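To start, the structure under review is shown below, and the notes come after it.
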Amino acid sequence: MTTPPPPAPTRILVLNSGSSSVKYQLLDMRNAARLAVGLVERIGEQTSRLVHTPLVDGGAGLRERTGPIADHEAALRAVAEELAADGLGLDSPELAAIGHRVVHGGLRFSAPTVVDDEVLAEIERLVPVAPLHNPANITGIRTARALRPDLPQVAVFDTAFHTTMPESAARYAIDVETADAHRIRRYGFHGTSHAYVSRETAKLLGKAPEDVNVIVLHLGNGASASAVAGGRCVDTSMGLTPLEGLVMGTRSGDVDPAVTFHLRRVAGMSTDDIDTLLNKKSGLVGLCGDNDMREIRRRIDEGDERARLAFDIYIHRLKKYIGAYYAVLGRVDAVVFTAGVGENAAPVRAAAVAGLEELGLALDSGLNEERSPHARIVSPPYARVAVAVVPTDEELEIARQAFALVSEDSLD
Ligand code: ADP
């Protein structure tokens with residue numbers, strides 16, 4: 001009698017490596033169940049911290065390690081130890097792949113990709129257009145490869161979903177030779193979230209993604225809008241970098257580019273100072289000193305004028321993008337809110353769609369105020385355009401994409 005072959009591996013470890021942090025989740029793709037989640041923060045400092053939560057067998061409760069973790073390699077080794085303590089180690093034959101969030105995939109990567117030396121070199125070539133993000137993502141991939149060289153490492157790109165944008169939306173109206181020489185164009189970000197949320201919205205409407213047009217508003221600390229026609233992105237608000245578009249927690253979003261020349265020539269600021277001003281000290285924080293929408297709402301309730309103005313500027317920009325993407329799409333089936341602000345801040349949703357009845361948008365204020373962790377429609381049944389709240393799940397989407405790719409490969 002021959003013994004049956006071992007079952008195909010079904011687990012995916014998702015890694016999101018930032019400059020000083022690593023977030024991770026281990027998922028079993030048979031039922032999309034989370035087996036463990038965790039975070040290592042302040043890597044490279046004396047006060048590093050690892051928080052690990054196993055979710056198997058009812059979950060044994062959160063475990064925490066504090067004390068210096070020197071670099072990403074040490075961080076990943078510590079994560080591997082924690083997982084091993086729960087019987088979920090990286091050496092498990094059930095692990096099918098490691099899925100890595102990679103922020104910038106440029107024009108080359110329009111789909112998840114198994115990483116080899118050449119792919120890694122290409123991600124490195126993109127560092128000049130993503131200096132804050134790609135280096136950390138590369139470190140994460142290198143470290144994971146060193147720990148499990150035999151395991152497929154799959155890169156899932158934040159930009160990939162937006163590669164379907166037509167040239168009319170993706171190009172800036174600047175000299176073509178200059179733009180091409182420096183790879184200057186609109187790439188868009190948060191693509192994994194826009195892909196997941198637009199697909200889940202179609203499901204919520206009981207339709208196939210090909211049959212619906214959706215405006216997705218991803219409102220977290222970073223924020224972006226996208227216009228998705230029949231499952232394909234046709235426009236998005238972030239551009240060459242995540243600075244363009246909506247008002248964000250600390251980023252300005254759209255400004256006249258001449259503001260930067262003015263700050264150099266008139267205010268005497270350096271390029272780095274301007275970069276910091278627009279990326280870290282602008283948006284809600286620049287306008288009113290707070291970037292947490294909960295705090296801003298609390299201040300507004302107390303009659304704080306600066307908080308009110310910051311909120312109004314945030315909403316005004318959001319409304320402009322809803323209108324713009326309505327025009328880009330021609331017909332809209334749903335406007336969907338997601339991420340920290342979009343999922344939780346009912347007043348933001350109410351203010352963003354207020355006055356848009358002529359466009360077919362309306363809210364049921366009772367449904368809008370209800371708190372729920374589930375995808376839901378918050379517009380009345382008569383509204384021509386559904387308003388929906390769909391919690392995003394970038395880790396699940398990365399795991400799905402990585403698993404689809406490696407299980408396809410294993411069928412070859
Ligand atoms: P990111 O992943 O971009 O860091 P998130 O999607 O987690 O951000 O969103 C974080 C933001 O969500 C916070 O800065 C805060 O403004 C907002 N937020 C979170 N919870 C609530 C809430 N209950 N009400 C209003 N805003 C909230």
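Bear in mind the structure is a predicted one, so any value in this text is a computation, not a measurement. Atoms within a ligand are numbered from 1 in the order they appear, just like the ligands themselves. Along the sequence shown, the residues carry numbers beginning at 1.
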Does the protein put a heavy atom less than 4.0 Å from atom 5 (P) of ligand 1? yes
(request) Say whether Asp273 and Ser270, considering side chains only, have a donor N or O and an acceptor N or O under 3.5 Å apart. (result) yes
Give a yes or no on whether a salt bridge exists between Arg299 and Glu295, defined as a side-chain N under 4.0 angstrom from a carboxylate O.
no
Arg65 and Glu81 ion-paired at < 4.0 Å: yes
Kindly identify the option in [options] whose heavy atom sits closest to [atom].
| atom | options | answer |
| --- | --- | --- |
| atom 26 (N) of ligand 1 | Met248, His218, Met293 | Met293 |
| atom 12 (O) of ligand 1 | Gly222, Pro391, Pro347, Gly340 | Gly340 |
| atom 24 (N) of ligand 1 | Glu343, Arg371, Arg294 | Arg294 |

Under a 4.0 angstrom heavy-atom cut-off, which atoms of ligand 1 come close to [X]?
| X | result |
| --- | --- |
| Ala345 | 25 (C) |
| Asn291 | 14 (O), 16 (O) |
| Ala339 | 6 (O) |
| Val341 | 12 (O), 16 (O), 17 (C) |

Quiz item: Can you say whether the rings of Tyr321 and Tyr325 are parallel (under 30°), tilted (30 to 60°) or perpendicular (over 60°)?
Solution: perpendicular
Would you please classify the geometry between the His104 ring and the Tyr187 ring as parallel, tilted or perpendicular, with 30° and 60° separating the classes? perpendicular
Among all protein heavy atoms, pick the one closest to [atom] and tell me residue, atom and distance.
| atom | result |
| --- | --- |
| atom 8 (O) of ligand 1 | Asn221 N, 3.2 Å |
| atom 22 (C) of ligand 1 | Asn344 CB, 3.3 Å |
| atom 15 (C) of ligand 1 | Asp292 OD1, 3.5 Å |

> Hey, are the side chains of Arg101 and Asp158 touching, using non-hydrogen atoms and a 4.5 Å cut-off?
Replying inline: yes
Value for OG (Ser226) from CZ (Phe189), rounded to nearest 0.5 Å, stands at 14.0 Å
- Hey, does the Lys NZ or Arg CZ of Arg297 hover above the aromatic six-ring of Phe311, less than 6.0 Å from the centre and inside 45° of the axis? yes
